[in-house]
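Read through the structure below, which is laid out as structure tokens, and then see the notes.
From a predicted model like this one, the values you see are computed outputs, not experimental measurements. Note that the numbering runs from 1 along the sequence shown for the chain.
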Amino acid sequence: MTNNKQVKIILITGYLGAGKTTILNRILSNSEGIHAAVIVNDIGEINVDAGLIRDGGYAREGDVIPLTNGCLCCTLSNDLSLQLGDLADTGNFDYIIIEASGICEPIPITFTISAFCNQSKRSSKHAHLELDNIVAVVDCARMYDEFNGGKSLLSADLDDDDIENLLIQQIEFCSTLVLNKIDLVTSEQLKELKALVRGLQRDAVIVEAENGVIPMSELINTQRFDFDKAFKSAVWMDAMEHPEEHDDPEVLEYEISTFVYRRRQPFDVNAFNAFVRTWTRSIVRVKGTIWIQQDPDMSYVFEQAGKQVQMYENGLFSAAFPEKEQEQLLREQPELLKDWDPVCGDHMIRLCFIGRHMDRKAIEEGLDACLTEWNK
């Protein structure tokens, strides 16, 4: 093996039963001379997917590495890094394919992989790794039912709100989005699902598939993945980066729309929490930063998907610091001046709403009723 050998990585995500293993086996059975190793993550003691890959005859025993009894995005992150390095350094593989568990969050896994890849490129003694593509696989029939028919697509021992949130994260953070099993939905349902996906994910390449049949050019040697680009490809993130482009609601097909709510007054957190509990299922996704009267110096991230709601600290507003420190912050981060108000500084509420058949006027009136005066 040469020390500077380049080994590329594909991460495959998607909910349980979406077709990840089928797509992985199609990559392994390619006729284009790609030699790939596989890392498969399953939460249980028995890694079912690893067995299916071996049983399919597409990979040799030593080429499939099962990681069990944990999740790649948390407890197994160190194991993942070790396996990536060991596999790459054998010199036997062009690609490493990672099939994440169906209930793994994509961003923490990707952070682990990206950090290890960056570290490998600084070494002259080991193979250099590069994350080439994140492929999110979506089961069209399940996704259509979940977001449009209101039917449950969850196993009995999982909380539906957590899974809905997970599905949205997988759609938001990828570079290639596979709409699999299109033969199980009507053409109209497929169009509706694609509109919903674009309401959440702005940039990923969308590929339609039956039984996981996808051109290899959509999976390998794509050079599609860039961490910053993938992070900002979520529509809510784009709205936070370019709020002026979302001042008027963007209505997509099937009444899927987005808008940004911006105000220079804080919420009364109790009134805001009470209003959030009244939201309808027309609101698919909300994320952004809020300012609350009860803790006015702290910026909070607010996130909602389905009925799951989270609010957590995001750091102090720059305007909360003493004047000399403010001046230094503004010199070091001049981009803060873009949203700087002479009275409020960078204190602001900014929330991106994504939904279907949303009543923007009613939502904004309800939010405005939660605002309170701020006495600096």
Side-chain angles (χ1 to χ4, degrees), residues 73-74 105 107-108 111 161-162 165-166 168-169 172-173 227-228 231-232 234-244 246-247 258-279 283-355 363-376:
C73 58
C74 44
E105 298 175 3
I107 292 181
F111 185 82
D161 299 328
D162 288 340
N165 182 47
L166 175 64
I168 291 171
Q169 290 182 53
E172 286 182 333
F173 194 80
F227 194 97
D228 291 337
F231 188 73
K232 294 176 182 178
V235 167
W236 73 266
M237 187 66 185
D238 181 57
M240 295 300 100
E241 291 283 312
H242 307 286
E244 67 284 351
H246 294 259
D247 282 338
T258 69
F259 72 89
V260 175
Y261 175 86
R262 289 187 292 172
R263 296 294 186 270
R264 288 288 188 174
Q265 290 175 253
F267 284 138
D268 176 277
V269 73
N270 297 317
F272 176 65
N273 286 337
F275 179 57
V276 169
R277 288 194 289 270
T278 71
W279 286 0
I283 300 172
V284 174
R285 181 78 155 123
V286 182
K287 192 163 184 178
T289 54
I290 62 172
W291 174 22
I292 62 174
Q293 181 192 40
Q294 285 82 351
D295 191 6
D297 289 339
M298 180 64 66
S299 170
Y300 284 86
V301 172
F302 175 83
E303 182 171 3
Q304 175 264 341
K307 294 180 182 178
Q308 178 161 322
V309 176
Q310 298 181 72
M311 188 175 82
Y312 48 90
E313 292 182 357
N314 189 45
L316 294 174
F317 288 107
S318 299
F321 290 94
E323 187 174 348
K324 287 187 177 179
E325 291 185 39
Q326 280 185 42
E327 292 174 357
Q328 183 177 348
L329 283 169
L330 292 173
R331 283 195 301 269
E332 295 173 351
Q333 304 176 55
E335 64 274 11
L336 291 173
L337 291 170
K338 180 181 177 182
D339 290 320
W340 196 268
D341 181 83
V343 177
C344 301
D346 59 342
H347 288 88
M348 183 191 297
I349 295 168
R350 190 162 64 191
L351 293 171
C352 176
F353 284 76
I354 304 169
I363 293 170
E364 290 189 330
E365 287 177 350
L367 290 170
D368 286 346
C370 302
L371 296 173
T372 185
E373 295 298 322
W374 177 55
N375 297 315
K376 186 175 180 180

Q.
Checking Tyr300 against Asn314 for the side-chain contact (heavy atoms from CB on, under 4.5 Å) test, could you report, in this order, the C-alpha distance in whole Å, the side-chain angles of both residues, the deciding distance, and whether it holds?
A. CA-CA 5 Å; Tyr300 284 86; Asn314 189 45; 5.8 Å; no
Q. Can you find a heavy atom in the side chain of His347 that is under 4.5 Å from one in the side chain of Asp297?
A. yes
Q.
Check the orientation of Phe111 and Phe227. Use parallel for under 30°, tilted for 30 to 60°, and perpendicular for over 60°.
A. perpendicular
Q) Roughly how far, to the nearest 0.5 Å, is the OG1 atom of Thr289 from the CD atom of Glu303? A) 12.5 Å
**Q.** Residues Gln265, Asp368; criterion side-chain hydrogen bond (donor to acceptor under 3.5 Å, both in side chains); working and verdict
**A.** CA-CA 9 Å; Gln265 290 175 253; Asp368 286 346; over 6 Å; no
Q | Worked check of side-chain contact (heavy atoms from CB on, under 4.5 Å) between Lys287 and Cys352 | A | CA-CA 6 Å; Lys287 192 163 184 178; Cys352 176; 5.9 Å; no
**Q.** Minimum side-chain heavy-atom gap Leu351-Val260 below 4.5 Å
**A.** no
**Q.** Atom pair CG (Leu316) and CD (Glu325), whose distance is rounded to the nearest 0.5 Å
**A.** 10.0 Å
(Q) Are the side chains of Gln328 and Lys324 in contact, using a 4.5 Å heavy-atom criterion? (A) no
Q. With distance as the sole test, does Arg331 use its side chain to make a donor-acceptor pair with the main-chain N or O of Gln326 at under 3.5 Å?
A. no
Q: Taking Gln169 for its side chain and Glu105 for its backbone only, find out whether a donor-acceptor pair lies under 3.5 Å.
A: no
Q.
Taking the side chain as everything from C-beta on, heavy atoms only, tell me whether Phe259 gets closer than 4.5 Å to Ile363.
A. yes
Q: Determine, step by step, whether Phe267 and Leu367 satisfy the side-chain contact (heavy atoms from CB on, under 4.5 Å) criterion, reporting the C-alpha distance in whole Å, the side-chain angles of both residues, the deciding distance to 0.1 Å, and the verdict.
A: CA-CA 8 Å; Phe267 284 138; Leu367 290 170; 3.9 Å; yes
**Q.** Distance flag, aromatic centroids of Phe302 and Tyr312, threshold under 6.0 Å
**A.** no
Q.
Counting C-beta onward and ignoring hydrogens, is there a side-chain heavy-atom pair between Asp268 and Cys370 closer than 4.5 Å?
A. no
(Q) Could you check whether any side-chain N or O of Gln294 sits under 3.5 Å from a backbone N or O of Val269, counting only pairs where one atom can act as donor and the other as acceptor? (A) yes
(Q) Would the distance check show the side chain of Asp346 and the main-chain N or O of Ser318 forming a donor-acceptor pair, the cut-off being under 3.5 Å? (A) yes
Q. What class does the angle between the rings of Phe317 and Trp291 fall in, given that below 30° is parallel, 30 to 60° is tilted and above 60° is perpendicular?
A. perpendicular
Q: Would you please test Met348 and Asp339 for side-chain contact (heavy atoms from CB on, under 4.5 Å) and show each step?
A: CA-CA 9 Å; Met348 183 191 297; Asp339 290 320; 3.9 Å; yes
(Q) For a 4.5 angstrom cut-off between non-hydrogen side-chain atoms, does Phe272 reach Ile292? (A) no
